[in-house]
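The block underneath contains the structure these notes are about, expressed in structure tokens.
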Amino acid sequence: MVHKNHPYHLVDQSPWPFLGSLSMFSMMMGLIKWFHLHESNLLMLSMITNFLIMFQWWRDVTRESTFQGLHTLKVTLGLRWGMILFITSEVFFFLAFFWAFFHASLTPSIELGLNWPPKGILPFNPLEIPLLNTMILLSSGITISWSHHAIMENNYTQATQSLSLTILLGFYFTFLQGYEYIEAPFSITDSVYGSTFFMTTGLHGLHVIIGSTFLTICFFRLYLNHFSSNHHFGFEAAAWYWHFVDVVWLFLYISIYWWGS
């Protein structure tokens, strides 16, 4: 062990950033090969290597924070600010897609028939699957808050139960959105309405999948007793991300599904 007289974590040398960048480059080449040559072998191989690298990188960070005690209060504060800045960048990322939607919908051009939705587009009924998905995400926001408070009170039975409920609700949302896409009466190529609808809802759906994966990792860590009542930032970051996904969906439902239809 190397003794130090400061509270900061100077990370050890790691192969994962370099290997991860090579794997991501291979995945991009695999996407191009799949698009143009209709061959998915390189894409599948690079996705497998990506998964293996992510698993081992996360494993190392978990060891540093849990068993080696390297995530001091000062380090945790830096991680909190990092997560806040990351979520802020995601807010502006979604803002660009909402901007595109409102730019097209508030002043529809003559090519769209001067209407919104454009002529020939049959939008979804906002009182069917979209409303159900809204209730699912709002319920998952309640269960993740329940799990967070249970961890702070050292009630690991309730924390595990409520976290598992949140994960189930997240995957149920993804299943319903996939069903909605299959049954959609329009596609991403159907004017600016189809483009903005599928880009914005699809991007949000991707974030739900990422958030569900984040929470699943936290579930296994909770099962392995990696979290304590005063040291559980990994879970807290996942909860922040999930609340962000909830809030984005509320704006998306009100603007695109309800007002936009």
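Worth saying up front: this structure is predicted, and the values here are computed from it rather than measured. We use all heavy atoms of the structure for the numbers below, so side chains are in, but hydrogens, waters and symmetry mates are not.
- For the residue pair Leu19 and Ile53, the shortest heavy atom distance occurs at O-CD1, 3.5 Å.
- Checking each of Phe219, Trp240, Phe227 against Phe235 for a side-chain contact (heavy atoms from CB on, under 4.5 Å) leaves exactly one that passes, namely Phe227.
- Ring geometry for Tyr181 versus Phe198: interplanar angle over 60°, hence perpendicular rather than tilted (30 to 60°).
- To the nearest 0.5 Å, atom CD of residue Glu236 and atom SG of residue Cys218 are 11.0 Å apart.
- Taking CZ of Arg221 as the start and OG1 of Thr62 as the end, the distance is 4.0 Å to the nearest 0.5 Å.
- Shortest non-hydrogen contact noted between Ser23 and Thr49 is OG-OG1, 2.8 Å.
- In this structure, CZ in Phe51 is found 14.5 Å from OG in Ser46, a value given to the nearest 0.5 Å.
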Enumerate, atom names and distances included, each donor-acceptor pair closer than 3.5 Å involving a side-chain atom of residues 118-134, sequence neighbours excluded.
unit_1 : atom_1 : unit_2 : atom_2 : d
Asn125 : OD1    : Leu127 : N      : 3.0
Thr134 : OG1    : Pro130 : O      : 2.8
Thr134 : OG1    : Trp249 : NE1    : 2.9

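- Of the possible polar contacts, one joining the Ser140 side chain to the Leu137 backbone as a donor-acceptor pair under 3.5 Å is found.
- For the atom pair Glu90 CD and Thr88 OG1, the distance stands at 10.0 Å (nearest 0.5 Å).
- Rounding to the nearest 0.5 Å places CD1 of Ile209 at 8.0 Å from CD of Gln177.
- Contact detail for Leu70 and Val75: the closest heavy-atom pair is O-CG2, 3.7 Å.
- Other cluster members for Leu165: Trp146, joined by side-chain heavy-atom distances under 4.5 Å among Ile, Leu, Val, Met, Phe, Trp and Tyr.
- Side chain of Ser195 to main chain of Ile188: a donor-acceptor pair is present (N/O by atom type, distance under 3.5 Å, no hydrogens or angles).
- Taking the side chain as every heavy atom from C-beta outward, Phe171 and Thr216 approach each other to under 4.5 Å.
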Assess the residue pair Ile142 and Ser145 against the criterion (side chain to side chain contact (heavy atoms under 4.5 Å, CB included)); give the C-alpha distance rounded to whole Å, side-chain angles, the decisive distance to 0.1 Å, and a yes or no. CA-CA 5 Å; Ile142 294 170; Ser145 298; 5.9 Å; no
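- In summary, the aromatic rings of Phe251 and His204 are positioned with their centroids too far apart to meet the 6.0 Å limit.
- With sequence neighbours excluded, the residues forming a side-chain contact (heavy atoms from CB on, under 4.5 Å) with His231 are His71, Thr76, Ser228, listed by chain and number.
- A donor-acceptor pair under 3.5 Å is absent between the side-chain atoms of Thr200 and the main chain of Phe197, judged by distance alone.
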Side chains of residues 91-105: which donor-acceptor pairs under 3.5 Å do they make with residues two or more places apart or in other chains?
unit_1 : atom_1 : unit_2 : atom_2 : d
Ser105 : OG     : Phe101 : O      : 2.9

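- Within the structure, no pair that satisfies the ring pair (Phe, Tyr, Trp, His ring centres under 6.0 Å) test touches residues 24-46, not counting sequence neighbours.
- Within the 3.5 Å criterion, the main-chain N or O of Trp57 finds no donor-acceptor partner in the side chain of Asp60.
- Taking Ile, Leu, Val, Met, Phe, Trp and Tyr as hydrophobic and joining them when side-chain heavy atoms fall under 4.5 Å apart, one finds Ile217 in a cluster with Met54, Trp58.
- Connection of Met27 to Leu206 is not established within any shared hydrophobic cluster, with ILVMFWY side chains joined at heavy-atom distances below 4.5 Å, either directly or through further cluster members.
- Separating the NE2 atom in His148 from the OG1 atom in Thr143 is a distance of 13.5 Å, to the nearest 0.5 Å.
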